[in-house]
Number of protein chains: 2
Amino acid sequence: MPTIKDVAKLAGVSTATVSRVLNGENVKEENRRRVEEAVKRLNYSTNTLARALKTNKTMTVGVIVPDLSNVFFTTIAKGIEKALHPYGYSIMVCDSDESIEGEREKIAFLKDKFVDGIIIIPVGDQQLYLKRLQDDGTPIVLVDRLIEDIQADAILVDNINGAYDAVEHLIVNGHRRIGLISGPQHIFVGKERLIGYERAYTDYQLSIDPKIIRYGDLHIESGYKLMNELLDLPSPPTAIFAANYYMSIGAIMAANERHINIPEELSFIGFDDMELTRVIKPPLTVVVQPMDKMGQAAAELIYKRMMGDNSGPFPTILRLKTQLIKRESVKKIN
Amino acid sequence: MPTIKDVAKLAGVSTATVSRVLNGENVKEENRRRVEEAVKRLNYSTNTLARALKTNKTMTVGVIVPDLSNVFFTTIAKGIEKALHPYGYSIMVCDSDESIEGEREKIAFLKDKFVDGIIIIPVGDQQLYLKRLQDDGTPIVLVDRLIEDIQADAILVDNINGAYDAVEHLIVNGHRRIGLISGPQHIFVGKERLIGYERAYTDYQLSIDPKIIRYGDLHIESGYKLMNELLDLPSPPTAIFAANYYMSIGAIMAANERHINIPEELSFIGFDDMELTRVIKPPLTVVVQPMDKMGQAAAELIYKRMMGDNSGPFPTILRLKTQLIKRESVKKIN
DNA sequence: TTGTACGCGTTATCAC
DNA sequence: GTGATAACGCGTACAA
């Protein structure tokens, strides 16, 4: 590998001049030409490690997601990538494996790699490590979920109104017993979507039956299990709202197995619009999160912070709107 | 940030001694104790950038996948991560965006980051950049697909026999007109699975009707489109074999829309066992690839190479077996 | 066993 | 505009 010294020697100038040419500073035209010539001849490219050691900038942003095999998360990561690329920044995607410990480990790893910023979809409601990093001046942007004990910029989804819209749609269609397959209450979005559910009930002056609210862990299996529990109730719901994508899948699977006809016998609203919701028969009515936009917004925000732009409020918390896409899984009842 | 000098000063020894302690070499017990004490007091950790600059080892492996929002790929990436972690290696996951150009860019990026090895699911059938890296001594492991003009270790799936098993199963169940929703022929697995299809037909002395072989681009939409084309044929197939996961989804979606009953009116075998195949009614018979094992095998192989172990043949090409999981989407016909 | 001094490749700071 | 050189933080001959 040729170094800047080799280039300097070949071009007959000092390394400083080469560095200046490389960084687009003012250099005599003649020297610039010779340096560029030498760079080409030697096929030289700057050693990013050495540069980073000196400048404390790696031009890299760390992205931590809870699960790399979850499309929702990776789609967001992809959105971040796409938005950061034009700025010359690259990302390192890590998997926290849905655990605080894994998260801690990945944060340490990214810190080790001297990333210039971290975008994270956190798994718990606290993370001391993050706070420490933040105090050291590394910009942090939270996505999808908030952490209680930390003041950080965040890109969120308006979960409350997202869930509200779904439940309201069911109520307007005559449903009074709406089963909720909820996320866990220690996770931010789980809490919020439950609030949306409750608020819709309250606004329509209906009373809530806690027995038809069930808490899962966001995975297929728990959607499957909770759907079965709800359908086994002496007086089962006439409609179900599943509060995330994978639990929606599990729930549908359970309904299928029991040969329950949607929407004839049971109305259903799911969450997120990915492969499944397009292939299911009937097409599912769903609450859709703008995953691309989430990634993009996170990227823009962290870029701004990395540039040292601290204008605007701190923390800046963006709430992106969801969309209720009405298809054929909801039936109007008396 | 404390440096090794700070530690040396506090411990009253030289930086060399500190370095030795850090790297577990022989040091007088007393000094070791004092150094460890100082490390703890200062909360020191070695600067990986500086170390990498000196040693030319970053303890990082680059992983390039064609699409970060494709579960098949990210599941493999996750498997790699899990297997490499115990060795102290971390991974950088990149998205080549299904393009040669994107791939080239990511390879350059990883080279810039001085990764110690690259595991890649390639998108085309050539890649000069890779060859160059390999010539520079960076271990490369191909996953899922081979590249024609390169000699490299690879972890593949026995696509030929995987497809063969599926088609054979349909033939044994009386089907003679088996529609194939194939991948593109410029992609390795597309070619191989077609061969498996053809071989099964040949072995059973049946003649192939090229009209019921259709070529898609591996995405949902093309599965959907090709399924419709096949069903619109004057004499449509009695069974369909879709040669990847997303095209399977699209195909099923098309069948659903046309209210075609599987397996009563049409038998179906899909590829890979992920969310969809578990939720579809009826449960789908599928050819399953061992994604976890693929990731793990790739990790083990590249680790071996990074350790300088060149035993075994070069290139080492592993063929992992697929499994035909028989469920309820195939009907025996006369 | 330990310490010194230098190298890694780049950038920043100064004189010129 | 340019060149020499210190500095970044670590690893490692080499001498002690």
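Every chain is numbered from 1, with letters handed out A, B, ... down the list of sequences.
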Any sub-3.5 Å donor-acceptor pair from Thr75(A)'s side-chain atoms to Val71(A)'s backbone N or O? yes
Just by modelled atom types, is the Thr138(A) backbone N or O under 3.5 Å from a matching donor or acceptor in the Asp136(A) side chain? no
Could you tell me whether a side-chain N or O of Asp116(A) sits under 3.5 Å from a main-chain N or O of Met59(A), the two making a donor and an acceptor? yes
Write down the atom of Asn31(A), the atom of Val27(A), and the distance for their closest heavy-atom approach. CB-CG1, 3.7 Å
Heavy atoms of Phe114(B) and Leu49(A) approach each other most closely as CD1-CD2, 3.9 Å
Might you list the N or O atoms of the protein lying below 3.5 Å from N or O atoms in nucleotides 9-13 of chain D, with each pair's distance?
| unit_1 | atom_1 | unit_2 | atom_2 | d |
| --- | --- | --- | --- | --- |
| dC10(D) | OP1 | Tyr44(B) | OH | 2.7 |
| dC10(D) | OP1 | Asn47(B) | N | 3.0 |
| dC10(D) | OP2 | Ile4(B) | N | 2.5 |
| dG11(D) | OP1 | Arg51(B) | NE | 2.6 |
| dG11(D) | OP1 | Arg51(B) | NH2 | 3.1 |
| dG11(D) | OP2 | Ser19(B) | OG | 3.4 |

Would you call the rings of Tyr89(B) and Tyr303(B) parallel, tilted or perpendicular, taking 30° and 60° as the class edges? perpendicular
Short side-chain N/O contact from Asn31(A) to OP1 or OP2 of dT2(D), under 4.0 Å: yes
If the condition is salt bridge (charged side-chain N to carboxylate O under 4.0 Å, His left out), which residues does Lys113(A) pass it with, not counting sequence neighbours? none
On DNA chain C, which is the earliest and which the latest nucleotide, 5' to 3', with an atom closer than 4.0 Å to a heavy atom of chain A? dG9(C) to dA12(C)
Note: Arg305(B) and Pro313(B) closest approach over all heavy atoms is NH2-O, 3.2 Å
